[in-house]
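Heads up, the thing below is written out as structure tokens.
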Amino acid sequence: MSFDRFDEAVDTETLIAGGGVGGLTAAWWLARRGRTDFLVAEMQPAAGGNARGGGNAISRFPLGAHYLPLPTRECVTLRWLLAELGALEGNPDSPRPRYAERLLVAAPQERLFRFGQWQDGVIPEAGLSARERAQMQAFFELIARFRKRGQGGKAFALPMAMSRLDDEALALDRISFATWLRTQGFDCEPLHWYVDYACRDDFGTPAAFVSAWAGLHYFAARDGEAEGASSDVVLTAPEGNGWIAEALVTRIGVERIRCASVVRRVERVGAGYQSWIEDAVSGRICRVRSKALIWAAPLFIAPRVIEGLPDAARNYAAAIDYAPWVMAQISLHSSPPERPGAQRAWDNVIYGSRSLGYVVATHQRLSAAQAPSVWTWYHALQGAPSKVLRRELLSQPREFWAAMALRELEPAYPELVDHVASIDCVRHGHAMARPLPGFLGDPARHWFARGTSNLQFAHADVSGFSVCEEAHARGISAAERIAAAMTGRQPDPQFVFDV
């Protein structure tokens, strides 16, 4: 592509490249700080990134992330945002705030299919030996100790940069979660299955490849509470986390967001930046001059677009390992027969399955058990290098993944195909960064966390793993630094992160 010509020229104070949760949060925070001269460029047809929602005649449904855990007390700005969006009612700084009832997942929340029947919850309980039950109890007692606040703060916190990153944390980061489990004497197969399931759910990869620090963070950092709800309840909607992205777009203003817009090149010009953005529909080129740039797209793209990044940062970004995912939206015209045990829940998991089960888009309705309905099936590809898995993801047609979804659910639903009206599939080639051993203390990751005075990075990749709380925190940190630089003040230290 030639960058000598352009069809449109735009000047703005801050260009935000990427309209996922990180980019939308950055825009929201800039506006709160009075810096409203910004433009968001998003390559997809709609903003939201991994938090986008879709829908059909039956229901809205998630196209990516499908829930938000109760925000912890450290997630100060996330609570403020939820209050603005009407999701949090009352004082957002309360230890146990009140959340809108419509967003608290309805019971039953989750269940597990094992031994031919369903049990409440996804932690294996039925059929455990005394030794297995003792190991399960010991594991969760250990997690409870990790959750306690020590003299230097919490060992595991959300946002992750508020965790106590000491020698012990770095030592945990040098080994895999599976290795750590073995060193602690945990060899119980149901416990290993459960830990693997949790890692595949949040990181797209099993515990054998996840940093032990990241694995423990998954279990120990989530300690949010709510008035009138148990601590394990989550916030959800039929469209998953799409409600957050869509509400942010409304607050920011659609006129400030350009979708189907691909940032092709960014170069430094004087004290600012010059970017070339291609309209994916028309092919028209817009040249954007900005005083500052917030990169809120996946980090692996940055070295291919932004000129002049340090070599260490370029190498780190290029080496990030991303988990490929596929989802199937299974629309049902009638309800398939249920196996014995717990009734259908919002989240339904099959023990031993390669996939992660399904969530029910219509679960929040009073008639949740009735068809028609949409089930969203999730699967993180594994068993080969990520590049190989991405090629498989792209080469196989929709029919292949639809058939796989039916096969994976067959142990619990052998007659499922007779109740299916349609199946739509969504592929995410770079769904989430995998927090492999060594990610936590890497100086190059810390460089991305700090950025420069007018170049900041606002993607969850900066944290090393993809969850909504991290994308939000990185968006806040990036926007606070830019807003401070534009007004000649120091950024507020409670809103910025260096690691």
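Side chains included, hydrogens not; waters and symmetry mates left out as well; all remaining heavy atoms used.
There is a side-chain donor-acceptor pair under 3.5 Å between Ser331 and Asn56. For the residue pair Ser373/Thr362, the side-chain donor-acceptor check at 3.5 Å is satisfied. Side chain to side chain, Glu392 and Gln396 fail the donor-acceptor criterion of an N or O pair below 3.5 Å. Ser353 and Glu408 share a donor-acceptor pair across their side chains, judged by distance under 3.5 Å alone. Donor-acceptor pairing under 3.5 Å is recorded for the side chains of Trp377 and Ser355.
Between Tyr322 and His430, the angle of the ring planes goes over 60°, which puts this pair in the perpendicular group of the 30/60° scheme. Aromatic ring pairs are classed by plane angle as parallel below 30°, tilted from 30° to 60° and perpendicular above 60°; the pair Tyr194 and Phe219 is tilted. Aromatic ring pairs are classed by plane angle as parallel below 30°, tilted from 30° to 60° and perpendicular above 60°; the pair Phe465 and Phe203 is perpendicular. Under the 30°/60° scheme for interplanar angles, the aromatic rings of Tyr413 and Tyr358 are found to stand perpendicular. Relative ring orientation between Trp346 and Tyr67 is described as perpendicular, the plane-to-plane angle rising above 60° on a 0-90° scale split at 30° and 60°.
At a threshold of 4.0 Å, the pair Arg434-Asp321 counts as salt-bridged, since one of the basic side-chain nitrogens sits closer than that to a carboxylate oxygen. Salt-bridge annotation for Asp187 and Arg131: present, with a side-chain N of the basic residue lying under 4.0 Å from a carboxylate O of the acidic one. A salt bridge does not link Glu42 with Arg258: none of the charged nitrogens is closer than 4.0 Å to a carboxylate oxygen. Electrostatic pairing of Glu338 and Arg111 counts as a salt bridge here, judged by a charged N lying under 4.0 Å from a carboxylate O. Between Arg96 and Glu227, none of the side-chain N atoms (NZ, or NE/NH1/NH2) sits under 4.0 Å from a carboxylate O, so this pair counts as no salt bridge.
Here the side chain of Arg200 pairs a donor or acceptor atom with the backbone of Arg354 at under 3.5 angstrom. The closest donor-acceptor contact from the side chain of His379 to the backbone of Trp325 lies at 3.5 Å or more, if one exists at all. With hydrogens and angles ignored, the 3.5 Å screen pairs no side-chain donor or acceptor of Ser59 with any backbone N or O of Val374. A distance-only check finds a donor-acceptor pair linking the side chain of Arg427 to the backbone of Leu394 [under 3.5 Å]. Put simply, the side chain of Glu470 never gets that close to the backbone of Val467: no donor and acceptor are under 3.5 Å apart. Side-chain N or O atoms of Arg390 include none that pairs as donor or acceptor with a backbone N or O of Pro324 at under 3.5 Å. Between the side chain of Gln119 and the main chain of Ile123, a donor-acceptor pair closer than 3.5 Å is present. Within the 3.5 Å criterion, the main-chain N or O of Ile175 finds no donor-acceptor partner in the side chain of Thr179. In this structure, the side chain of Arg114 does not engage the main chain of Gly127 through any donor-acceptor pair within 3.5 Å. Looking only at distances, a side-chain donor or acceptor of Asp166 sits under 3.5 Å from a matching main-chain atom of Ala169.
Distance check: Ile320 CD1 to Arg445 CZ gives 10.0 Å after rounding to the nearest 0.5 Å. In this structure, Leu63 CG and Glu239 CD are separated by 10.0 Å, a value rounded to the nearest 0.5 Å. Between Thr25 atom OG1 and Leu81 atom CG the span is 6.5 Å, to the nearest 0.5 Å. Within the model, atoms CH2 of Trp80 and CG of Leu88 stand 12.5 Å from one another, a figure rounded to the nearest 0.5 Å. Once rounded to the nearest 0.5 Å, the distance linking CG of Leu70 with OG of Ser230 reads 8.0 Å. Between the CD1 atom in Ile423 and the CG atom in Leu332 there is a gap of 8.5 Å [rounded to 0.5 Å].
Side chains of Trp213 and Met160 form a contact here, defined as non-hydrogen atoms less than 4.5 Å apart. Taking 4.5 Å as the limit, some side-chain heavy atom of Leu406 sits within range of a side-chain heavy atom of Val420. Under the 4.5 Å side-chain criterion, counting only non-hydrogen atoms from C-beta, Arg52 is not in contact with Asn50. Using a 4.5 Å cut-off on side-chain heavy atoms (C-beta onward), Leu440 and Arg174 make no contact. Residues His192 and Asp196 fail the side-chain proximity criterion, which asks for heavy atoms closer than 4.5 Å. No side-chain heavy atom of Leu393 sits less than 4.5 Å from a side-chain heavy atom of Leu389. For the pair Cys425 and Arg398, the minimum side-chain heavy-atom distance is below 4.5 Å. Counting heavy atoms from C-beta on, the side chains of Met327 and Thr376 come closer than 4.5 Å.
In the displayed structure, Met43 atom CE is contacted under 6.0 Å by at most 12 heavy atoms of other residues, nucleotides or ligands. Enclosure of atom OH in Tyr197 by more than 12 non-hydrogen atoms of other residues, nucleotides or ligands within 6.0 angstrom is indicated. Heavy-atom contacts from other residues, nucleotides or ligands closer than 6.0 Å to CD of Glu101 number 12 or fewer.
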task = Walk me through it: do Asp223 and Thr72 pass the test side-chain hydrogen bond (donor to acceptor under 3.5 Å, both in side chains)?
result = CA-CA 6 Å; Asp223 59 358; Thr72 67; 4.8 Å; no
task = Could you walk me through whether Ile257 and Ile16 pass side-chain contact (heavy atoms from CB on, under 4.5 Å), step by step?
result = CA-CA 9 Å; Ile257 303 172; Ile16 302 174; over 6 Å; no
query = Could you walk me through whether Arg339 and Phe113 pass the side-chain contact (heavy atoms from CB on, under 4.5 Å) check?
reply = CA-CA 9 Å; Arg339 294 299 178 261; Phe113 186 77; 3.6 Å; yes
task = Walk me through it: do Thr77 and His472 pass the test side-chain hydrogen bond (donor to acceptor under 3.5 Å, both in side chains)?
result = CA-CA 8 Å; Thr77 57; His472 172 87; 2.8 Å; yes
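Taking the six-membered ring for Trp and the full ring otherwise, the centers of Trp375 and Phe61 sit at least 6.0 Å from each other.
Minimum heavy-atom separation, Asp232 to Gln109: O-NE2, 3.1 Å. Between Glu469 and Leu78, the shortest heavy-atom contact is CG-CD2, 3.9 Å. Closest approach of Asn241 to Cys468, counting heavy atoms only: ND2-CB, 4.1 Å. Between Asp120 and Ala342 the shortest heavy-atom distance is OD1-CB, 3.2 Å. When all heavy atoms are compared, the tightest approach of Ala47 to Val249 is CB-CG2, 3.9 Å. Of all heavy-atom pairs between Leu68 and Ile244, the closest is CD2-CD1, 4.1 Å.
For the pair Arg222 and Tyr218, the cation sits on the ring face: its NZ or CZ lies under 6.0 Å from the ring centre, inside 45° of the axis.
Legend: residues meeting ring pair (Phe, Tyr, Trp, His ring centres under 6.0 Å) with Tyr378, ordered by chain and number and at least two apart, are His66.
Pairs passing the salt bridge (charged side-chain N to carboxylate O under 4.0 Å, His left out) check and including a residue from residues 59-87, sequence neighbours excluded, read Arg32-Glu84, Arg60-Glu246, Glu74-Arg149, Glu74-Lys154, Glu84-Arg251.
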